[in-house]
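Letters go in sequence order (proteins before strands), and every chain restarts at 1.
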Amino acid sequence: MTDEHRYKFRAIEDRWLPVWEERQPFRSGREDDARPTKYVLDMFPYPSGDLHMGHAEAYALGDVIARHWVQKGFNVLHPIGWDSFGLPAENAAIKRGVDPAGWTEDNIAQQLSSMKRYACSFDWDRVLMTHRSDYYHWNQWIFTRLFERGLAYRKHSNVNWCPKDQTVLANEQVVGGLCERCDTPVTKKKLNQWYFKVTEYADELLDGLEDLRETWPSKVIAMQRNWIGRSRGADVTFEIEGREQPITIYTTRPDTLHGATFMVVAADSDLAAELATGADAATQDAFATYVEKVKGESEIDRLATDRPKTGVFLQRYGINPVNGERLPIWASDYVLADYGHGAIMAVPAHDQRDLDFARAMSLPVRVVLDCRDDAGEPFGDPAATGVAATGDGVLVNSGSLDGLEKAAAIEAIVAELSAAGTGDAATNYRLRDWLISRQRYWGTPIPIIHCEACGEVPVPDDQLPVKLPNAEGLDLKPKGQSPLAAASDWVNTTCPRCDAPALRDTDTMDTFVDSSWYFLRYLSPGKTDGPFDVEEAKRWAPIDQYVGGVTHAILHLLYSRFFTKALRDMGMIDFGEPFTALLNQGMVLMDGSAMSKSRGNLVRLSEQLDEFGVDAVRLTMAFAGPPEDDIDWADVSPAGSQKFLARAWRLARDVESAPGVDAATGDAALRAVTHKALAESQELVEGFKFNVVVARTMELVNATRKVIDSGAGPADPAVREAAEAVAILLSLFAPYTAEDMWSMLGHSDVALATYPAVDRSLLVEETVTCIVQVMGKVRDRLEVPPGIGQDELRSLALETDGAKRAIGDASIRTVIVKAPRLVNIVIG
RNA sequence: GCCCCCGUAGCCCAAUUGGCAGAGGCGGCCGACUUAAAAUCGGCGCAGUGCGGGUUCGAGUCCCGCCGGGGGCACCA
């Protein structure tokens with residue numbers, strides 16, 4: 001074999017990359033394009049270096065979907081950009097003493113060039129970068145709109161604080177008490193910060209998941225549901241001795257109201273502080289000491305399980321609205337200040353936490369629900385066993401509720417409280433508002449001006465964007481205050497409302513703001529008079545298929561859903577869910593664990609590409625298994641992929657018939673394999689079974705090889721038809737090889753070639769094998785026409801030797817016939 | 001502790017959604033070609049589906065209970 005007749009991936013890559021660069025086959029969105037639209041989106045990358053194996057997997061899989069829809073005749077929008085604000089750039093800038101902008105743009109240039117080499121089917125005309133002012137301009141614009149609607153607001157509260165990054169964190173960025181970015185234990189700090197009012201949409205964010213059940217991974221839906229954490233219960237008001245205002249508490253178990261033996265307020269709440277001031281000096285002292293201790297605890301300490309309950313009796317009493325009992329009020333850290341009302345009624349007999357506390361403080365325990373354990377035996381006395389009776393049961397010691405089941409009792413007590421004006425049904429959420437202020441440099445400046453007379457004044461549209469001041473001369477080191485505060489020329493401004501001297505807000509926005517609406521910016525990335533074109537949004541959005549890692553299951557997806565609903569309510573879009581369908585690809589591992597330099601199991605993408613070629617790496621990603629499963633690179637074989645690609649490529653090289661030859665006269669068996677592969681593959685792609693599509697393509701390649709070498713030969717028209725089908729199928733996974741094959745076969749632009757029409761008549765088999773079972777065991781088989789009737793098949797089956805032998809003398813009870821595939825004879 | 005997902009051949013994985021457990025690949029073994037090797041071509045399936053029950057004519061698939069692995073949530077009243 002001479003050299004030019006060999007499969008050489010490097011030469012093929014070099015041949016087609018410049019051609020695509022010139023032809024831009026995936027440019028989308030021409031006005032006069034009559035094809036139906038499809039919006040396929042890959043989560044955009046953070047430019048922290050060059051692309052790695054994880055990117056390679058994600059973009060290979062997203063590409064299969066995007067390329068499939070193009071070949072299916074759709075006008076596909078498949079854009080890419082960079083999520084280019086964020087801490088890594090800033091930290092790198094601090095470490096090396098460089099400008100984060102330069103570091104960021106260098107990395108973007110590197111990634112962009114790698115993506116092109118990797119043959120990603122992106123529309124390169126729509127690239128966006130969130131660190132550019134023409135993007136974050138619109139973050140600011142949206143912020144001011146949210147502010148006008150009361151969806152962006154500032155409040156003082158105890159916030160999560162990362163002592164290492166010296167910035168606040170959203171709830172979602174605290175993982176197990178640690179900073180999501182740097183694993184530093186998070187502490188609390190009382191600060192005045194900006195929030196987005198996500199809770200306004202809590203119900204819709206939860207209920208909307210229902211519509212995504214078919215098209216989102218159930219895991220992600222479960223995670224979001226969990227995160228929002230809606231609970232149904234009741235608010236109950238308790239009069240407080242020596243206090244004019246009553247206290248409202250939230251409970252999911254109003255039925256146990258008669259079992260309340262004390263009350264607890266969150267130690268770090270304003271309410272606790274206020275109640276304590278009414279107590280004697282010793283109590284005030286004890287309380288002050290306790291609060292200091294609580295505030296000094298890290299989040300991780302607080303979350304520790306089996307932590308003994310602690311608290312301080314405030315020497316105050318509340319009055320139980322149903323029986324007038326005096327309930328001592330305690331302050332403790334096991335009640336959270338920012339959930340419900342920061343205060344609870346404690347029912348130790350029926351709540352484990354309350355019981356633990358009661359036992360620690362020697363408080364009374366009163367059973368008001370006759371519960372049974374799993375065996376139906378009466379539940380042991382919680383005060384003695386230390387196990388709270390949290391199950392269902394019949395009410396006792398509860399006045400009017402006695403004899404009712406839990407559910408009926410809840411209904412009855414809520415009605416009672418409601419009539420008395422001392423309570424009502426209520427709903428609470430685990431979800432908190434989204435804290436978006438960050439005390440860091442590399443982000444979107446918050447477009448608010450603080451004026452002594454006018455208060456918080458949004459920057460008017462004609463003064464947007466508020467550009468980041470130049471990093472030069474600014475100390476970017478984290479110090480608990482935004483580096484922007486030091487840029488005095490930038491900070492000092494005038495109030496847009498009254499012209500008095502005023503100060504800019506010096507915090508920047510959480511970078512998750514950037515990614516909450518970027519999918520809309522792609523629709524009109526150059527637009528200068530708005531965040532996106534409303535008409536283009538009607539044409540393309542929402543996203544038909546979103547592809548990305550499950551790591552963003554909560555944060556990014558929840559925030560994007562919130563933005564979408566807010567923008568809808570501003571009348572800018574007409575849908576409430578941004579991502580109609582979601583595919584989470586797994587991770588790429590090495591030897592069973594995530595790759596990392598420190599573990600020494602890092603596989604470098606560039607080395608893999610140099611050794612095996614782009615196509616072999618992409619094909620390996622798709623063939624490794626179901627896309628949502630993790631890939632262990634040690635278990636797969638890019639060398640095997642390369643071998644297969646060479647084998648496929650040689651088919652095109654060997655074809656000896658002319659382009660356009662009529663396949664109808666060709667080898668019928670091969671034609672059947674070809675058309676079956678074409679038909680099945682399209683369904684399989686749409687079901688994300690990319691690994692099976694590759695397997696079907698391998699089958700087709702094997703069948704074609706056989707016909708060439710030991711069948712009808714390379715001139716048979718069916719061989720050309722098969723080779724062309726291979727090229728088209730392969731272009732989803734291995735675009736260079738496919739393009740080269742397509743070119744050898746006398747065509748151009750395989751990516752734009754639509755799937756050939758499937759000839760269904762070729763898929764009808766002449767005979768099918770019918771298995772004959774007796775008592776579910778295979779005893780014989782029959783070759784029958786596919787259209788055979790039930791009765792005829794039954795008689796044929798009963799006459800087979802295998803069946804007769806198995807039946808013997810036994811009598812036949814029933815015969816189950818599933819024509820044409822199976823007959824099962826039941827005897828005895 | 002609660003919730004979700006997954007256990008099929010030495011390994012990665014298929015299985016028309018209840019109908020012959022095996023499509024594809026990796027590895028292994030055998031053969032052809034070759035002076036030899038590489039490359040290429042051809043051939044060989046080694047497990048009865050983690051375990052125990054149940055439903056059914058029939059279960060990898062559905063139900064119940066375990067075991068093992070992965071992930072999420074976890075003082076949210």
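When side chains are defined from C-beta on, A:Phe690 does not count as touching A:Pro626, because their heavy atoms never get closer than 4.5 Å.
Here the C1' atom of nucleotide B:rC20 and the CZ atom of A:Arg821 are 11 Å apart, to the nearest Å. We find that CD1 of A:Ile631 is positioned 19 Å from P of B:rG70, with the value rounded to whole Å. When rounded to the nearest whole Å, the span between CD of A:Glu683 and C1' of B:rU17 equals 13 Å. As rounded to whole Å, 15 Å separates atom C1' of B:rG43 from atom CG of A:Asp709. When the P atom of B:rG25 is taken as reference, atom CD of A:Gln642 falls 16 Å away, rounded to whole Å. Rounded to an integer number of Å, the gap from A:Asp635 CG to B:rC13 P is 7 Å. A straight line from CZ of A:Arg779 to P of B:rC57 spans 18 Å, rounded to a whole angstrom.
For B:rC73, the paired base is B:rG1 (Watson-Crick or G-U wobble, both distances below 3.5 Å). In this structure, B:rC29 forms a base pair with B:rG43, meeting either the Watson-Crick or the G-U wobble geometry with both donor-acceptor distances under 3.5 Å. For B:rA21, there is no paired base (Watson-Crick or G-U wobble, both distances below 3.5 Å). Within the shown strands, B:rG50 is the pairing partner of B:rC66 under the Watson-Crick or G-U definition, both distances less than 3.5 Å.
The phosphate of B:rG25 (OP1 or OP2) has no side-chain N or O of A:Lys643 nearer than 4.0 angstrom.
Side-chain contact annotation: A:Thr237 with A:Thr248, donor-acceptor N/O pair under 3.5 Å absent. In this model, a donor atom of one side chain and an acceptor atom of the other lie less than 3.5 Å apart for A:Tyr250 and A:Ser231. A donor atom on one side chain and an acceptor atom on the other are not found under 3.5 Å apart for A:Asn428 and A:Arg232.
Both A:Arg781 and A:Ala343 lie near RNA chain B, and the one whose nearest nucleotide falls closer to the 5' end is A:Arg781.
Base orientation of B:rG48: syn (glycosidic angle within 90° of 0).
In the set B:rG24, B:rC41, B:rA77, B:rG24 carries the atom at the smallest distance from any side-chain atom of A:Met698. Counting only heavy atoms from C-beta on, A:Ile554 has its side chain closest to B:rC73 among B:rC41, B:rC20, B:rC73. Listed nucleotides: B:rG42, B:rU40, B:rG24. Nearest to the side chain of A:Arg705: B:rG42. Comparing atom distances between the A:Gln773 side chain and each of B:rC4, B:rG19, B:rA23 picks out B:rG19 as nearest. Comparing B:rU40, B:rG72, B:rG19 against the side chain of A:Asn226 picks out B:rG72 as the nearest. Distances were taken from every side-chain heavy atom of A:Trp227 (C-beta onward) to each of B:rC73, B:rA23, B:rC57; the shortest belongs to B:rC73. In this structure, of B:rC12, B:rG58, B:rG42, it is B:rG58 that holds the atom nearest to the side chain of A:Asn824. Which of B:rC20, B:rA14, B:rA15 sits closest to the side chain of A:Thr769 comes down to B:rC20.
The gap from the C1' atom of B:rU55 to that of B:rG43 amounts to 44 Å, rounded to the nearest Å.
A salt bridge links A:Asp654 with A:Arg705: the closest approach of a Lys/Arg side-chain nitrogen to an acidic carboxylate oxygen falls below 4.0 angstrom.
Within the 4.0 angstrom heavy-atom criterion, only backbone atoms of the sugar-phosphate kind lie near A:Arg647; the bases stay farther away.
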